[in-house]
Protein chains: 2
Amino acid sequence: MLKLTKLKADSSTEQKIRDAAKEVFIAKGFSGCTSREIAKAAGMNVALVNYYFRSKTALFKIIFEAAMGDFLLSMLDVFNTDLPLEEKLRNYLDREYEFLAKYPEIPSFIINEMGRKDGVHIDNTAVFECIEHTGIFAECKVEQAAGRMREIDITSITVLMMSNCQFPFMAAAVIKQVHGISDEQYEKQLVQHKQIVTDMLIGYLFPGSISNQKTQK
Amino acid sequence: MLKLTKLKADSSTEQKIRDAAKEVFIAKGFSGCTSREIAKAAGMNVALVNYYFRSKTALFKIIFEAAMGDFLLSMLDVFNTDLPLEEKLRNYLDREYEFLAKYPEIPSFIINEMGRKDGVHIDNTAVFECIEHTGIFAECKVEQAAGRMREIDITSITVLMMSNCQFPFMAAAVIKQVHGISDEQYEKQLVQHKQIVTDMLIGYLFPGSISNQKTQK
DNA sequence: AGCAATTTTAAACAAACGTTTAAAACAGAG
DNA sequence: CTCTGTTTTAAACGTTTGTTTAAAATTGCT
């Protein structure tokens, strides 16, 4: 055999570094952590980080794109169902809060790193068309034309959804400090905030819907 | 005279460093920039940063608290008017979008730095009571008791407001890249998004208000 | 002018950074 | 066991980091 010994390598060490890097990068950002910190978190020597992944920058790109992917995947398979639009959006909100409860730091991570002057740049067409391919946008336009959905451009709809899902997790530290509430209290807060957000968004986007006639409280 | 010469010092150099630090810190965060970068932005020698402000950390605290103050002040004098609550919230949304158009990076800055494990910690009671002292929360409870405002806890109300104001500015880079729109296009987007947010929030918080009967576009 | 205090500078400091090296430890095949 | 390629280690690399130093320039006062 020529060089098939290489195939077994990708299990332990490389994956441990990848996992540690994911945790550290997402928690602290690219410039907020060091190669040695990642190595230590993985229980490895510093040199191994560059042995498996050429450089800190190269490793970061891998982690970032994976995070971006996880985030996208979570929304895509909600949109790929064939429920009515309103139910799809309800499910999206459910899923989003569920995802964010599990990975609350990912939106900050993506937003910060993409906002940096010298930050990462994604293939914009890929992400957008990935979502558009689910037909969700077309579906919105159909509902809007039928008068069942409020006439708002797609961009604003997505910003409304993202704002009300992601911000409560991104600003958790500030909100907890300002309102002087504990971690457990804020978790409960988030549960009821999800309900409020759902009521508000569905009520606003589908003004005539039967599901929000006198559903206040 | 003993040592009154010191009084004139605070005009030029010190202020230039402060201004440069504000710009650089807010744009890149504490760990995203260096002392030398700040000095260069101010056109000064590195040592002067530590001559006027003991350390990078000390300078950062000053900048952070100033940013926090600016942000608070902007909302406080809206709440200190004696307009009806609904008008107050409308004005708040106006002011917030105006402020954020001018300083779009401040929310990210505050949220990121306060979210860091070893990040800055504010005097939580100070900020909260500063807002409470305007009577805005009491006013909400009065309106809620009178059945004119939806029964939602104060925390959720503030989170709703902040989410829909701050997030569109914080995530600007991501949204622009994903939707493939230019800076100018996104500015227009924000103008109409403000209107949408206002309609939605007012409509949700004051369900019976005359100002949102059939105001859909 | 001359003097004392303040402000600015260039240089240096140790520590930490990302990255590379060269040798050691390990694995599998003959 | 030996040999070969892969994985891991400790050490060092040249920079850059925040900070300090000590000398130079500047200022304000008499």
Side-chain angles (χ1 to χ4, degrees), chain A residues 1-64 113 116-120, chain B residues 1-64 113 116-120:
Chain A
M1 276 175 200
L2 288 185
K3 35 178 72 180
L4 253 50
T5 34
K6 210 177 186 183
L7 283 179
K8 64 112 188 61
D10 51 14
S11 62
S12 181
T13 304
E14 184 175 338
Q15 193 57 39
K16 272 183 198 163
I17 295 175
R18 203 185 295 263
D19 291 343
K22 182 174 177 179
E23 198 176 307
V24 177
F25 272 141
I26 289 180
K28 305 204 178 190
F30 179 79
S31 63
C33 71
T34 69
S35 300
R36 285 172 174 82
E37 192 177 352
I38 292 169
K40 182 174 280 183
M44 301 289 164
N45 190 294
V46 209
L48 283 178
V49 174
N50 281 17
Y51 175 75
Y52 284 102
F53 313 89
R54 231 179 62 244
S55 66
K56 185 192 177 188
T57 308
L59 175 54
F60 178 80
K61 276 190 184 138
I62 290 171
I63 300 301
F64 179 85
E113 300 297 341
R116 273 177 25 213
K117 201 119 211 154
D118 59 335
V120 277
Chain B
M1 275 170 205
L2 287 185
K3 34 177 73 179
L4 251 53
T5 36
K6 210 178 183 183
L7 283 178
K8 65 112 190 59
D10 50 16
S11 62
S12 180
T13 304
E14 184 175 338
Q15 192 57 41
K16 273 182 196 162
I17 295 174
R18 202 186 296 264
D19 291 343
K22 182 176 177 178
E23 198 175 307
V24 177
F25 271 141
I26 289 179
K28 306 204 178 187
F30 179 80
S31 64
C33 70
T34 69
S35 300
R36 283 171 175 82
E37 191 177 354
I38 292 171
K40 183 175 277 182
M44 302 289 163
N45 189 293
V46 210
L48 283 177
V49 174
N50 280 17
Y51 176 73
Y52 284 102
F53 313 89
R54 229 178 64 244
S55 68
K56 185 192 178 190
T57 308
L59 175 54
F60 177 80
K61 276 189 185 139
I62 290 171
I63 300 301
F64 179 84
E113 300 297 341
R116 273 176 28 215
K117 201 122 211 151
D118 59 336
V120 276

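Just so you know, these numbers come straight off a predicted model, no measurement behind them. Side chains included, hydrogens not; waters and symmetry mates left out as well; all remaining heavy atoms used. To find a chain, count down the sequence lines: A is the first, B the second, and so on, and within it residues start at 1.
- Contacts of Glu37(B) classified as salt bridge (charged side-chain N to carboxylate O under 4.0 Å, His left out), with partners at least two apart in sequence or in another chain: Lys28(B).
- At a threshold of 4.5 Å between non-hydrogen side-chain atoms, the residues Glu14(B) and Phe53(B) count as touching.
- Counting to the nearest Å, the P atom of dT19(D) and the CD1 atom of Ile17(B) are 14 Å from each other.
- Side-chain nitrogen and oxygen atoms of Thr13(A) include at least one within less than 4.0 Å of the OP1 or OP2 phosphate oxygen of dT8(D).
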Could you go through nucleotides 17-24 of chain C and list every protein N or O atom that sits under 3.5 Å from one of its N or O atoms, giving the distance for each pair?
| unit_1 | atom_1 | unit_2 | atom_2 | d |
| --- | --- | --- | --- | --- |
| dG18(C) | OP1 | Ser35(A) | N | 3.4 |
| dG18(C) | OP1 | Lys56(A) | NZ | 3.0 |
| dG18(C) | OP2 | Ser35(A) | N | 2.9 |
| dG18(C) | N7 | Arg36(A) | NH1 | 2.8 |
| dG18(C) | O6 | Arg36(A) | NH2 | 3.0 |
| dT19(C) | OP2 | Lys56(A) | N | 2.8 |

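- If you take CD of Glu37(B) and P of dG18(D), they are 9 Å apart, rounded to a whole angstrom.
- Judged as a side chain to side chain donor-acceptor pair (under 3.5 Å), and not counting sequence neighbours, Asn45(B) has no contacts.
- Remark: P of dA24(D) and CG of Leu48(B) are 18 Å apart, rounded to the nearest angstrom.
- Annotation: side chain to side chain contact (heavy atoms under 4.5 Å, CB included) contacts of Ala39(B) (sequence neighbours excluded): Val49(B).
- Contacts between residues 18-26 of chain B and DNA chain D, defined by a heavy-atom separation under 4.0 Å, are absent.
- Between Ile38(B) and Thr34(B), the closest side-chain pair of non-hydrogen atoms is not below 4.5 Å.
- Taking atom CG of residue Leu59(B) and atom P of nucleotide dT19(D), one finds them 10 Å apart after rounding to whole Å.
- Whole-Å rounding puts the Ile38(B) CD1 to dT19(D) C1' distance at 14 Å.
- Residues passing the salt bridge (charged side-chain N to carboxylate O under 4.0 Å, His left out) test with Lys22(B), sequence neighbours excluded: Asp70(B).
- Legend: residues meeting salt bridge (charged side-chain N to carboxylate O under 4.0 Å, His left out) with Arg36(B), ordered by chain and number and at least two apart, are absent.
- The side chain to side chain contact (heavy atoms under 4.5 Å, CB included) test applied to Ala27(A) returns Glu105(A), not counting sequence neighbours.
- In this structure, the separation between CD on Glu23(A) and CD1 on Ile63(A) is 11.0 Å, given to the nearest 0.5 Å.
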Seminar exercise, completed: Each base of DNA chain C marked ( ) or [ ] if paired in-strand (Watson-Crick or G-U under 3.5 Å), | if paired to another strand and . if unpaired gives ||||||||||||.|||.|||||||||||||
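- Remark: Ser55(B) engages Thr57(B), Ala58(B) in a side chain to side chain contact (heavy atoms under 4.5 Å, CB included) (not counting sequence neighbours).
- Among pairs with a residue in residues 14-43 of chain A, those fulfilling ring-ring contact (aromatic ring centres under 6.0 Å, His included) read Phe25(A)-Phe60(A), Phe30(A)-Phe60(A), at least two apart in sequence or across chains.
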